[in-house]
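Here is the structure we will look at, set down as structure tokens.
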Amino acid sequence: MASVKTVFYCSECGYESPKWLGKCPGCEHWNTFTEEVMKKEAKQNRYSSVVTNSKPKKMSDIEVGKEIRFITGYRELDRVLGNGAVIGSVNLVGGDPGIGKSTLLLQMCLNIQKNFKILYCSAEESVEQIKLRANRLKDGNENIFLSSNTNIDGLIADAQTLKPNVVIVDSIQTVYAEDISSAPGSVSQVRECTLKMTRFAKENNITVFIVGHVTKEGMIAGPKVLEHMVDCVLQFEGERYSNFRIIRAVKNRYGSTDEIGVFEMTDRGLLEVGNPSQVFLEGRPKNVSGTIVICTMEGTRPILAEIQGLTAHSAYAAPRRMTTGLDFNRASMIMAVLEKKAGFNLSSSDIYLNITGGIKVMEPAADLGICLAVASNIKNHPVGDDTVAFGEMGLTGEIRNVSFVEKRVNEAFKLGFKRCIIPYSTNSESLSLEGMEIIRVKNILEAFGAVF
Ligand SMILES: Nc1ncnc2c1ncn2[C@@H]1O[C@H](COP(=O)(O)OP(=O)(O)OP(=O)(O)O)[C@@H](O)[C@H]1O
Ligand SMILES: [Mg+2]
């Protein structure tokens, strides 16, 4: 009989220790060690690479074609993957419970099933349940094979006979490898199953999508090494009380990680939102003070969003500052500059800043928008419903240039805005759009002069 050994793993980074530790020496997190029983013979497997033939080869002798991609049928998803999914790639999709991970992958399968054979393995739902959902989403499911096999070796054997082009594993926390005796979802199981699946995908040129659960903090459950093992990590996010879902690439070996895809959850499944700017601006109040539209870049895509600022008399000695969707430290810095350079007295005011639509804007181009939203609220003077502003602010109150000005202005123009407040140092020759007034400002005082 094989001897049984107990090991402790850090659930954050996968650090292995023969005894329990309070603090992980690898990632310095506290209370992350869990005990797992492991058979000895499984050990050599854990360190094997994703390909079996690992003899050194001369790089010039390696023959490769161009990486081949297929279109998933969703432009939003293709964009995040880098213009389609790469054949033979392993993609991990993470997200909160009920956010729509299974729906997204099933919809993708329904889109591509005309040209591809798909094996969809789900241990979380019965095959009947998946069929019901598929019927709700779209007609036609000829080429989709459903399985509820949770044994990774059995699943790979099924795939070897079926020879699908795409395999979906929903979710990696429910499958297990027989040679590891710890429970499914444990660090060693998740790692082993992902390694086996990755090796299978690379050897057979099969595209694999793996669903991963997330922890309380929103990270993909399982060790960080899981993210290192796959080619692409997609994070599916959304507000609990809103129907909009944003998918972003946290890691992508085949494309940029700056792109986002926007979807809306409906009773017919996830619908693409081709024009997120319009969505984020929906319900914007007209002709009121304390709000302004900014244009932010998500990768190569300009997105319009609304910033709201509210100042109120503080009941406390230390006034409150609160930001939602904006960088808190940056906002505090901007408030300090407003006090010093624009003469506002903010030391006895609570300040609330909010970006609507549940998106996060961390880029400095939002600085000018923050200034104008707060100033507009203090002066009780609307900025103007047809005005967009963007620009980075320095500590002396100067407004500095930002990237992709032309793209941002064009996006505002497309959505019917008539006035753009932009940094002075921008070359405005290429910005002549009919009916669009471009105001170039050197500092915040000039910006205030232009709108108030
Ligand atoms: N009939 C319906 N009408 C509208 N929305 C629905 C309907 N059925 C499901 N949904 C939406 O789909 C979501 C569930 O999606 P899905 O099962 O794909 O999520 P998931 O991320 O795979 O969740 P889990 O982590 O539990 O596997 C629900 O939270 C709900 O928003
Ligand atoms: Mg699911």
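Note that these values count all heavy atoms, side chains included, but never hydrogens, waters or copies made by symmetry. None of the values given here were measured: they were computed from a predicted structure.
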Practice task
Would you give the length of the straight line joining atom CD1 of Ile307 to atom OG of Ser376, rounded to the nearest 0.5 angstrom?
Solution key: 12.0 Å
Problem - Gap between atom OH of Tyr176 and atom CG of Asp153 - 0.5 Å precision - result: 9.0 Å
Exercise for the section: Specify the closest pair of heavy atoms between Asp350 and Ser314, including all atoms of both residues, with the distance to one decimal. Expected result: OD1-OG, 2.9 Å
Practice task
Answer yes or no: is there a donor N or O on one side and an acceptor on the other, between the side chain of Lys202 and the main chain of Gly88, under 3.5 Å?
Solution key: yes
Practice task
For the residue pair Ser147 and Asn149, confirm or rule out a side-chain donor-acceptor distance under 3.5 Å.
Solution key: no
Exercise for the section: Report yes if some heavy atom in the side chain of Glu298 is under 4.5 Å from a heavy atom in the side chain of Val262; otherwise report no. Expected result: no
Problem - Side chains of Asn377 and Ser289, donor plus acceptor under 3.5 Å - result: no
Practice task
Starting at CD of Glu411, measure out to CE of Met297 and round the result to the nearest 0.5 Å.
Solution key: 9.0 Å
Problem - Under 3.5 Å donor-acceptor, Arg330 side chain and Asp367 backbone - result: no
Problem - Donor-acceptor contact present, side-chain Ser17 to main-chain Trp20, <3.5 Å - result: no
Problem - Between Lys23 and Asn31, a side-chain donor and acceptor under 3.5 Å - result: no
Exercise for the section: Would you please test Val166 and Ile206 for side chain to side chain contact (heavy atoms under 4.5 Å, CB included) and show each step? Expected result: CA-CA 6 Å; Val166 177; Ile206 289 173; 5.8 Å; no
Completion exercise
When rounded to the nearest 0.5 Å, the distance separating CD1 of Ile180 from CD1 of Ile152 is 11.5 Å
Practice task
For the residue pair Ile422 and Val402, establish whether any side-chain heavy-atom pair is separated by less than 4.5 Å.
Solution key: no
Exercise for the section: May I ask you to check whether Phe33 and Tyr9 place their ring centres under 6.0 Å from each other? Expected result: no
Problem - Worked check of salt bridge (Lys or Arg N to Asp or Glu O under 4.0 Å) between Arg400 and Glu398 - result: CA-CA 6 Å; Arg400 308 173 79 110; Glu398 84 276 17; 2.6 Å; yes
Handout entry: Distance in Å, Met108 CE paired with Asn91 CG, rounded so as to fall on 0.5 Å steps
Key = 8.0 Å
Handout entry: Note, Thr72 side chain near Leu81 side chain (heavy atom, < 4.5 Å)
Key = yes
Practice task
For Leu395, look at atom CG and say whether over 12 heavy atoms of other residues, nucleotides or ligands are found less than 6.0 Å away.
Solution key: no
Problem - Short side-chain to backbone donor-acceptor contact, Asn165 and Lys117, under 3.5 Å - result: yes
Practice task
Please answer whether the main-chain N or O of Gln160 pairs with a side-chain N or O of Lys163 as donor and acceptor at a distance below 3.5 Å.
Solution key: yes
Handout entry: Check: Val175 main-chain N/O paired with Thr150 side-chain donor or acceptor under 3.5 Å
Key = no
Handout entry: CD1-CD1 distance between Ile71 and Ile112, expressed to the nearest 0.5 angstrom
Key = 11.0 Å
Problem - Val383 vs Thr291 side-chain heavy atoms within contact, under 4.5 Å - result: no
Exercise for the section: Specify whether Tyr74 and Phe263 have parallel, tilted or perpendicular ring planes, treating 30° as the upper limit for parallel and 60° as the lower limit for perpendicular. Expected result: perpendicular
Practice task
Report yes if the side chains of Met393 and Leu368 come closer than 4.5 Å at any heavy-atom pair, otherwise no.
Solution key: no
Handout entry: Glu36 side chain vs Ser188 backbone, donor-acceptor pair below 3.5 Å
Key = yes
Problem - Ile370 versus Ile334, closest heavy-atom pair with distance - result: CD1-CD1, 3.8 Å
Exercise for the section: Without swapping roles, check the side chain of Arg321 against the backbone of Ala331 for a donor-acceptor pair under 3.5 Å. Expected result: no
Problem - Least distance between heavy atoms, Ile260 atom then Arg248 atom - result: CG2-NH1, 3.7 Å
Practice task
Without swapping roles, check the side chain of Asp231 against the backbone of Arg253 for a donor-acceptor pair under 3.5 Å.
Solution key: no
Problem - Test item: Ile355 and Ile294 side chains (from C-beta on) under 4.5 Å apart, heavy atoms - result: yes
Exercise for the section: Spell out, as yes or no, whether a donor-acceptor pair under 3.5 Å connects the side chain of Gln308 to the backbone of Thr356. Expected result: no
Problem - Pair Tyr120-Phe145, ring pair (Phe, Tyr, Trp, His ring centres under 6.0 Å): steps then yes or no - result: CA-CA 6 Å; Tyr120 189 109; Phe145 294 80; over 10 Å; no
Completion exercise
Exactly one of Gln173, His213, Gln129 clears side chain to side chain donor-acceptor pair (under 3.5 Å) with Glu124, and that residue is His213
Exercise for the section: Answer yes or no on whether Arg408 is positioned over the face of Phe390, meaning its NZ or CZ is under 6.0 Å from the six-membered ring centre and within 45° of the axis. Expected result: yes
Practice task
Could you go through the salt bridge (Lys or Arg N to Asp or Glu O under 4.0 Å) check for Glu76 and Arg79 one step at a time?
Solution key: CA-CA 5 Å; Glu76 297 294 303; Arg79 188 203 324 270; 2.9 Å; yes
Problem - Minimum heavy-atom distance between Lys196 and Ile156, given as atom pair plus value - result: O-CD1, 3.7 Å
Handout entry: Residue pair Cys109 / Ile168, side-chain heavy-atom distance below 4.5 Å
Key = yes
Exercise for the section: May I ask you to test the Thr194-Leu226 pair for a side-chain heavy-atom distance under 4.5 Å? Expected result: yes
Exercise for the section: With side chain to side chain donor-acceptor pair (under 3.5 Å) as the test, would you mind laying out the steps for Gln189 and Ser182 before giving the verdict? Expected result: CA-CA 7 Å; Gln189 281 287 9; Ser182 54; 4.5 Å; no
Handout entry: No-hydrogen, no-angle side-chain donor-acceptor test under 3.5 Å, Asn401 and Glu392
Key = no
Practice task
Mark yes when over 12 heavy atoms from residues, nucleotides or ligands other than Lys251 sit less than 6.0 Å from its NZ; otherwise mark no.
Solution key: yes
Practice task
Please say whether more than 12 non-hydrogen atoms of neighbouring residues, nucleotides or ligands are located less than 6.0 Å from CZ in Arg136.
Solution key: yes
